Number of protein chains: 2
Amino acid sequence: MVLHGASEGKAAEPEPDGPVASGGRATLKTIAELTGLHVSTVSRVLNGTTSGARAASAATAERVRQVALEVGYVPDIQAAGLRRQSSRLLGVMMARLTDQVLASIYEGVERTATQHGFHTMVSNSWDDPATRQAHVSMLLSRRVDAMIFGDAHVDGAFLAGFAAHGVPFVLVNRRAGDHPSVTCDDLAGGQLAAEHLYALGHRRVGVVAGLPYAANGIDRTAAFTRYFAERGHPVPGDQVVHASFDAAGGALAAEKLLDRAPHPSAIFAVSDFAAIGVLGVLRERGLRAGRDVAVVGFNDVPIAAQLTIPLSSVRNPMYEVGARGVDLLVRMMRGEPPERITLAPELRIRESSASPYTGA
Amino acid sequence: MVLHGASEGKAAEPEPDGPVASGGRATLKTIAELTGLHVSTVSRVLNGTTSGARAASAATAERVRQVALEVGYVPDIQAAGLRRQSSRLLGVMMARLTDQVLASIYEGVERTATQHGFHTMVSNSWDDPATRQAHVSMLLSRRVDAMIFGDAHVDGAFLAGFAAHGVPFVLVNRRAGDHPSVTCDDLAGGQLAAEHLYALGHRRVGVVAGLPYAANGIDRTAAFTRYFAERGHPVPGDQVVHASFDAAGGALAAEKLLDRAPHPSAIFAVSDFAAIGVLGVLRERGLRAGRDVAVVGFNDVPIAAQLTIPLSSVRNPMYEVGARGVDLLVRMMRGEPPERITLAPELRIRESSASPYTGA
DNA sequence: ACGTTATAGCCAAACGTTTGTGCAGCCGCC
DNA sequence: GGCGGCTGCACAAACGTTTGGCTATAACGT
């Protein structure tokens, strides 16, 4: 368990005639000199190329591994990547990891990438084109083998340019154009929320719609409003307000929605944190969520169920989205065709939307 | 803004006599051949080594930059790192990025590292030794120039071993031993919470203490209980319960604390998300936070103020912790001495602990 | 005995950079 | 007009790997 560097060896150890490079960290050369073997042989042993013709003898292999352990050899992936022309590195762009949804997706990405033998390098783009561009250039510079984008804009302008690099990529969380992607089935999710509120008797509803360039918010909103429109209760344009996915955005949007008289009897927020912002504003105005105004969020983050007024939400399999995204990417790198995958959402009804509309 | 690869050039362009390596992506060699210069000259130009004696002429430099742009050259940092023996990469270990506190700290780390010309590579350790070890080995393999640990265990066993690598590091979020670190002043923070609740009249208090190996939780708890003990109201051992920092952990701990009769009149949770778990349990038991039981959290995450019962909290300058951590690390790499820095917390009183204890 | 084949390992080139050194040409100076 | 110093670039050696090709020995079948 305890690691130890090359410099930790016994100082008085008698050195073989040749000057053993004991200066910096141990490299293949260090081991080669110590064992009297050639560096290529050491490399093959350590890479487990034991199968096939090129294998070393069992005894040699054992000796190499022994010495490698002793000197605390740790391979230089940079050098290997240079030679191999592949970094075994996946670049990941997220809008921001303080968004728990994106952090959860990233966990799925990281875990699954590790299983496939890839490392990941993640950056926050803050949904800002310049920052995104800078970080992507950085990742390209580090020769990532592929990319995962969790911050796509629905217009797909950036991705069109990026595709020219020939680096394979898949989108998670937000789809865009016909690029390969793994997302929650946001249309189905939006409809679930609509069905639920409609069934409760709500007809005057408002939507906190998320950022206008994010496909997840767009789809959730579109399916939701379509459902009401199809039943003869179209949602007026001013009752759909765009805002950031966090609590502050939700609060801002709620202010606008509730300034209208009569205020909506139900609010659908396309993100739980935005919904929490809505709950806060309701309380400030002396309205009780679940009684005066029904609230439904999206994603079903862990705290949704723990809130003082537990929040109804559409469950988004976030970890799964990340995991499946990497799976798809790996398949694509093997030459399999790109896909657009959607994962099924699930409605979780809680107190914030439990009681039927009384027409108050 | 739009990127374009080397393969995007006009196909019919007449090539200079030598075979121009137009196959894969553009390298220094590509540019060298296109300009008729030597690769070393190109390198110097592109690295902005314009100062001093070795500079290229202004005309040459301009031509090089022009061609570099045309062929869409993007440097190979791996190769540069190999030669330069420094990756300009900072490794970051966090317990898990779905913890908004750690994600915020990471944002500070990422931003500040970028300012200093470093890239960051972050991994989730899940507070699990084996996973931590695996990811750290990975980062070492990628030849990180330094490390930031946000997941230190207070015993410091792992770090003692790690120090042998000679890779400089600083701790953020959780201190350990006398390793350099940047943390919130958790002792001061715990005391702030204690002073506040004591002043309100609470004498029978409980603590949700966080994970037993996390110094931040330990310090916050220690200062809190010490304050009460010094005033003749020691907190019984069974009223200090350890749990994870998230809502689930807080809920679990709250169950235990409230099973006791009489239950505590105030609960201090060393994390806001744990506090939210506490709020949930209070509600389930028909107790009202802020009236029946005062609750104070820690960190002051954005949603604390937005909750239906806004949560009192001790503000932790999380972003700042990350940023200052990198600053310190960079200074250390320049040879300046290590430090242990603490940042001042600040009490934010809200409804969850606004009313004085009535002795109910 | 001899050709064939498998085994075990060495050799060297290559990946794309950076950087110390060498070397022309040119300018100015005495 | 010789010479020192500067300018502007080229040369080549690294950095640590991986990998195709090669060689020497051994085993083996005929």
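Lettering follows sequence order; numbering is per chain, from 1. If you're wondering where the values come from, they're calculated on a predicted model, not measured in any experiment. What you see below is based on every heavy atom in this structure, not just the backbone, and it leaves out hydrogens, waters and symmetry mates.
- The distance between atom CG of B:L37 and atom P of C:dA24, rounded to the nearest whole Å, is 19 Å.
- Taking the ring centroids of B:H179 and B:F169, they lie under the 6.0 Å cut-off.
- The shortest non-hydrogen separation linking B:M94 to B:D151 is C-CB, 4.0 Å.
- Look at A:D127 and A:R132 and you find a salt bridge, because one of the NZ, NE, NH1 or NH2 atoms lies within 4.0 Å of a carboxylate O, short of that distance.
- We find that CG of A:L82 is positioned 13 Å from C1' of C:dT18, with the value rounded to whole Å.
- Once rounded to the nearest 0.5 Å, the distance linking CZ of B:R111 with OG1 of B:T114 reads 8.5 Å.
- Side-chain atoms of B:T27 and B:Y73 form no donor-acceptor pair, as typed in the model, at a separation below 3.5 Å.
- Comparing the helix axis at one end of the helix from C:dA1-D:dT30 to C:dC30-D:dG1 with that at the other, each defined from 5 consecutive pairs, gives an inter-axis angle of 50° (nearest 10°).
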Distances for protein N/O vs nucleotides 17-19 of chain D N/O pairs under 3.5 angstrom?
| residue | atom | partner | partner atom | Å |
| --- | --- | --- | --- | --- |
| D:dT17 | OP1 | A:Y73 | OH | 2.6 |
| D:dT17 | OP1 | A:D76 | N | 3.3 |
| D:dT17 | OP2 | A:L28 | N | 2.8 |
| D:dT17 | O5' | A:Y73 | OH | 3.2 |
| D:dT18 | OP1 | A:N47 | ND2 | 3.3 |
| D:dT18 | OP2 | A:S43 | OG | 2.7 |
| D:dT18 | OP2 | A:N47 | ND2 | 3.2 |
| D:dT18 | O2 | A:R83 | NE | 3.3 |
| D:dT18 | O2 | A:R83 | NH1 | 2.2 |
| D:dT19 | O4' | A:R83 | NH2 | 3.1 |

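- Nearest-nucleotide mapping onto DNA chain D: of B:A58 and B:Q85, the residue sitting toward the 5' end is B:A58.
- Atom CD1 in B:I77 sits about 16 Å away from atom C1' in D:dC15, given to the nearest Å.
- A salt bridge links B:R143 and A:D76; the closest N-O separation between the charged side-chain nitrogens and carboxylate oxygens is under 4.0 Å.
- When every heavy atom of B:R142 is checked against every heavy atom of B:S87, the shortest pair comes out as O-CB, 4.0 Å.
- By the 4.0 Å N-to-carboxylate-O rule, A:R88 lies too far from A:D145 to be salt-bridged with it.
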